[in-house]
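Scroll down for the structure; my scribbles are underneath it.
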Amino acid sequence: MTQSVVLQVGQCGNQIGCCFWGLALREHAAVNQKAIYDEAISSFFRNVDTRVVGDGGSISKGKICSLKARAVLIDMEEGVVNEILQGPLRDVFDSKQLITDISGSGNNWAVGHKVFGSLYQEQILEKLRKSAEHCDCLQCFFIIHSMGGGTGSGLGTFLLKVLEDEFPEVYRFVTSIYPSGEDDVITSPYNSMLAMKELNEHADCVLPIDNQSLFDIISKIDLMVNSGKLGTAIKPKSLVTSSAGAFKKRQEKPFDAMNNIVANLLLNLTSSARFEGSLNMDLNEISMNLVPFPQLHYLVSSLTPLYTLADVNIPSRRLDQMFSDAFSKDHQLIRADPKHSLYLACALMVRGNVQISDLRRNIERLKPSLRFVSWNQEGWKTSLCSVPPVGHSHSLLALANNTCVKPTFIELRERFTRLYRKRAHLHHYLQIEGMEESCFTEALSSLSALIQEYNQLDATKSMPAEELPRLSVAV
């Protein structure tokens with residue numbers, strides 16, 4: 001069994017991480033009722049004998065003593081991390097695996113990347129090595145961060161290069177939260193653009209998530225709850241409308257429901273690596289099967305039912321409807337419509353009581369309505385995990401390498417260009433040692449080249465198969 005380490009960076013990354021660890025504990029508690037430390041739990045947690053001083057207290061089997069998350073928490077402000085350490089999950093985190101500062105990055109990528117990156121590089125490396133030493137077979141680093149702020153975008157992407165240099169054989173999966181057009185951080189287009197260049201060059205897979213899409217999904221759920229359309233199907237105080245379902249004493253926060261969706265994405269993504277199933281999919285298979293070209297590693301995700309974020313007892317969606325929902329634009333975690341764009345490849349990660357015949361039947365049913373590139377018409381990767389999410393009979397996570405991600409990048413480029421054309425706020429970045437205007441022009445060129453690759457693919461949609469041009473791949 002392999003292990004993964006979660007790196008949660010910045011305010012957003014740590015808030016999502018907190019939700020993730022709470023839901024992960026809940027999921028394993030539902031499956032492992034005898035409290036035995038098994039391989040499934042070991043994928044994300046260490047079992048520690050707290051009576052032993054130092055690092056010698058790890059227990060590889062037997063009864064669960066004290067679980068410690070395989071996590072490194074990084075933020076250049078103390079607020080969110082301190083809140084976590086005073087909350088119900090405080091004992092889950094190893095106090096030696098935290099890095100905080102008091103000044104913050106001031107919504108400036110350059111401060112996070114250049115200043116704090118250099119300042120904390122050795123500390124970060126030490127904690128990464130310590131995390132790796134506690135793993136028998138480290139397979140993946142999951143980075144959770146936002147693109148719009150200073151620490152998440154700057155220090156979060158600095159981490160990627162450090163990981164690539166120090167652990168070149170370990171996969172780097174990045175969950176990136178993209179700001180909406182109404183974002184209250186004026187410099188977020190600069191931060192996002194500079195971060196994109198690092199993601200292009202140093203990540204193995206990126207799961208882009210749009211704040212606006214999460215907000216729209218939660219708004220739809222709230223509308224259904226408040227209109228009474230779900231009747232008595234939703235329990236009072238469930239995690240759909242409140243965070244109280246996970247930990248009673250935890251106060252509800254505006255972003256808790258949105259963060260729970262992202263946390264459940266990561267739970268479902270790793271379910272096949274943690275639990276038994278008739279058709280398992282390892283994390284390395286995701287990258288191998290869904291990323292045909294190095295830079296085209298952005299995977300659009302959709303979850304169904306969306307209520308897997310909640311402690312609810314709703315009637316399960318019909319199986320066929322669940323597969324249809326996964327391809328509808330309402331269930332995508334970025335504003336995108338994959339059915340009207342071009343697929344390079346698609347993974348379907350199913351949990352619960354679902355048969356391989358159900359999977360195949362639904363793929364055949366949906367195939368005619370989906371357009372795949374000519375050279376990968378059978379570009380499906382599937383997995384079946386026998387353990388469903390808590391409170392549900394089945395669920396589905398779809399990961400699509402699809403050109404529908406392009407409008408998100410085009411919108412980012414347009415927002416960046418509006419600021420950069422006026423050189424607005426540029427001096428805040430250029431006063432940081434190591435930052436030059438070429439950093440901005442290179443980042444813009446990098447994103448434009450990525451958009452052009454998607455344009456080349458989209459141009460093949462309307463061509464007969466025999467006239468398809470070969471995609472030019474830079475070596």
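When a residue number appears, it is its place in the shown sequence, counting from 1. Note: hydrogens, waters and symmetry copies are ignored here, and every other heavy atom, side chains too, is used.
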* To do: Answer yes if the side chains of H392 and S395 hold a donor-acceptor pair under 3.5 Å, and no otherwise.
  => no

* Asked: Ring centres of Y298 and F409 under 6.0 Å apart?
  -> yes

* Do other residues, nucleotides or ligands put more than 12 heavy atoms under 6.0 Å from I186 CD1? -> no

* To do: Quick one: pull up CD1 in I334 and CD1 in I209 and give me the separation to the nearest 0.5 Å.
  => 9.5 Å

* Asked: Given side chains that start at C-beta, do those of L128 and L163 come closer than 4.5 Å, heavy atoms only?
  -> yes

* Asked: Rounded to the nearest 0.5 Å, how far apart are OG1 of T382 and CG of L359?
  -> 5.0 Å

* Taking T270 for the side chain and L267 for the main chain, is one N or O donor matched with an acceptor at less than 3.5 Å? -> yes

* Asked: N401 side chain to L299 main-chain N or O, any donor-acceptor pair under 3.5 Å?
  -> no

* To do: Decide yes or no on side chain to side chain contact (heavy atoms under 4.5 Å, CB included) for I64 and I41, but give the supporting numbers first.
  => CA-CA 10 Å; I64 291 174; I41 296 178; 3.6 Å; yes

* Ion pair check, R360 and E364, cut-off under 4.0 Å -> no

* Sub-3.5 Å donor-acceptor pair from the side chain of R415 to the main-chain atoms of S188, do we have one? -> no

* Might you work through the side chain to side chain contact (heavy atoms under 4.5 Å, CB included) test for I410 and T408, ending with a clear yes or no? => CA-CA 6 Å; I410 291 174; T408 297; over 6 Å; no

* To do: Taking atom types as modelled, find out whether S301 and Q332 have a side-chain donor-acceptor pair closer than 3.5 angstrom.
  => no

* To do: Report the C-alpha distance between L89 and L25 in whole Å, list the side-chain angles of each, state the deciding distance to 0.1 Å, and finish with yes or no for side chain to side chain contact (heavy atoms under 4.5 Å, CB included).
  => CA-CA 10 Å; L89 291 176; L25 284 171; 3.8 Å; yes

* Go through the side-chain N and O atoms of Q139 and T2 and say whether any donor and acceptor fall under 3.5 Å apart. => yes

* Contact list for residues 194-223, test ring pair (Phe, Tyr, Trp, His ring centres under 6.0 Å), sequence neighbours left out -> none

* Considering only heavy atoms from C-beta outward, does the side chain of I218 approach that of I261 to under 4.5 Å? -> yes

* Structure fact -> Rounded to the nearest 0.5 Å, the CG atom of L444 sits from the OG1 atom of T417 at a distance of 5.5 Å

* Taking atom types as modelled, find out whether R274 and H28 have a side-chain donor-acceptor pair closer than 3.5 angstrom. => yes

* **Side-chain (T175) to main-chain (L207) donor-acceptor, under 3.5 angstrom** => no

* Asked: Thinking salt bridges, do K161 and D165 make one under a 4.0 Å N-O criterion?
  -> yes

* F45 and Y37: CA distance, side-chain angles, deciding distance, ring pair (Phe, Tyr, Trp, His ring centres under 6.0 Å) verdict -> CA-CA 9 Å; F45 295 94; Y37 185 67; 8.9 Å; no

Under 3.5 Å, sequence neighbours excluded: what are the donor-acceptor pairs made by side chains of residues 346-354?
| from | atom 1 | to | atom 2 | distance (Å) |
| --- | --- | --- | --- | --- |
| R351 | NE | V387 | O | 2.9 |
| R351 | NH1 | E27 | OE1 | 3.1 |
| R351 | NH1 | N268 | OD1 | 2.8 |
| R351 | NH2 | E27 | OE1 | 3.2 |
| R351 | NH2 | E27 | OE2 | 3.3 |
| R351 | NH2 | V387 | O | 3.2 |

* Between atom CG of D75 and atom CD of E83, what is the distance when rounded to the nearest 0.5 Å? -> 11.5 Å

* **Stepwise side chain to side chain contact (heavy atoms under 4.5 Å, CB included) test for S302 and L333** => CA-CA 6 Å; S302 65; L333 300 191; 5.8 Å; no

* Closest heavy-atom pair and its distance - H394, P388 -> N-CB, 4.3 Å

* Is S272 reaching over with its side chain to a backbone N or O of S383, donor-acceptor style, under 3.5 angstrom? -> no

* To do: Would you name the heavy atoms of N376 and L344 that are closest together and state the gap between them?
  => ND2-O, 2.7 Å

Tell me which donor-acceptor pairs under 3.5 Å the side chains of residues 283-294 have, and how far apart each pair is, sequence neighbours excluded?
| from | atom 1 | to | atom 2 | distance (Å) |
| --- | --- | --- | --- | --- |
| E285 | OE1 | K381 | NZ | 2.9 |
| E285 | OE2 | D282 | N | 2.8 |
| N289 | ND2 | E285 | O | 2.7 |

* Asked: With a 3.5 Å cut-off and no angle check, do the side chains of N200 and S446 form a donor-acceptor pair?
  -> yes

* So do the side chains of F93 and V81 get within less than 4.5 Å of each other, counting heavy atoms only? -> no

* Asked: Does any non-hydrogen side-chain atom of V80 lie less than 4.5 Å from one of Q15?
  -> yes

* Flag, side chain of N191 to backbone of S153, donor-acceptor distance under 3.5 Å -> no

* Closest non-hydrogen atom pair between N260 and L23, with its separation -> OD1-CD1, 3.6 Å

* **NZ/NE/NH1/NH2 to OD/OE distance under 4.0 Å, R361 and D320** => yes

* Asked: Does any non-hydrogen side-chain atom of N455 lie less than 4.5 Å from one of T403?
  -> no

* **Closest non-hydrogen atom pair, L214 against M258** => CB-CE, 3.7 Å

* **Taking every non-hydrogen atom, the tightest pair across F323 and R365** => CB-NH2, 4.0 Å

* **Pairwise distance CD1(I177) to CE(M147) - rounded to 0.5 angstrom** => 10.5 Å

* Quick check: does any side chain N or O of Y190 sit under 3.5 Å from a backbone N or O of L419, one acting as donor and the other as acceptor? -> yes

* Taking NZ, NE, NH1 and NH2 as the nitrogens, is one of them in E378 or K367 under 4.0 Å from a carboxylate oxygen of the other? -> yes

* Heavy atoms, side chains only, cut-off 4.5 Å: are T157 and M196 in contact? -> no

* Asked: Is there a donor-acceptor pair closer than 3.5 Å between any side-chain N or O of H297 and the backbone N or O of C205?
  -> no

* Taking the six-membered ring for Trp, are the ring centroids of F141 and Y171 within less than 6.0 Å of each other? -> no

* **Under 3.5 Å side-chain donor-acceptor pair for Q8 and W21** => yes

* Is any side-chain heavy atom of K63 less than 4.5 Å from a side-chain heavy atom of I36? -> yes

* Asked: Between F44 and F20, is the ring centre distance below 6.0 Å?
  -> yes

* Ignoring hydrogens and geometry, is there a side-chain-to-backbone donor-acceptor pair from Q377 to F372 under 3.5 Å? -> yes

* Check: E276 side chain, S386 main-chain N or O, donor-acceptor pair, under 3.5 Å -> no

* R413 and S448: side-chain donor and acceptor closer than 3.5 Å? -> yes

* Asked: Which heavy atom of V300 sits nearest a heavy atom of C404, and at what distance?
  -> CG2-SG, 3.9 Å

* Any S131 side-chain heavy atom under 4.5 Å of Q97 side chain -> yes

* To do: Check each of E201, E198, E164, E166 against R172 using the salt bridge (charged side-chain N to carboxylate O under 4.0 Å, His left out) test, and report the only one that passes.
  => E164

* Structure fact -> dist N264:CG -> L269:CG (nearest 0.5 Å) comes out at 12.0 Å

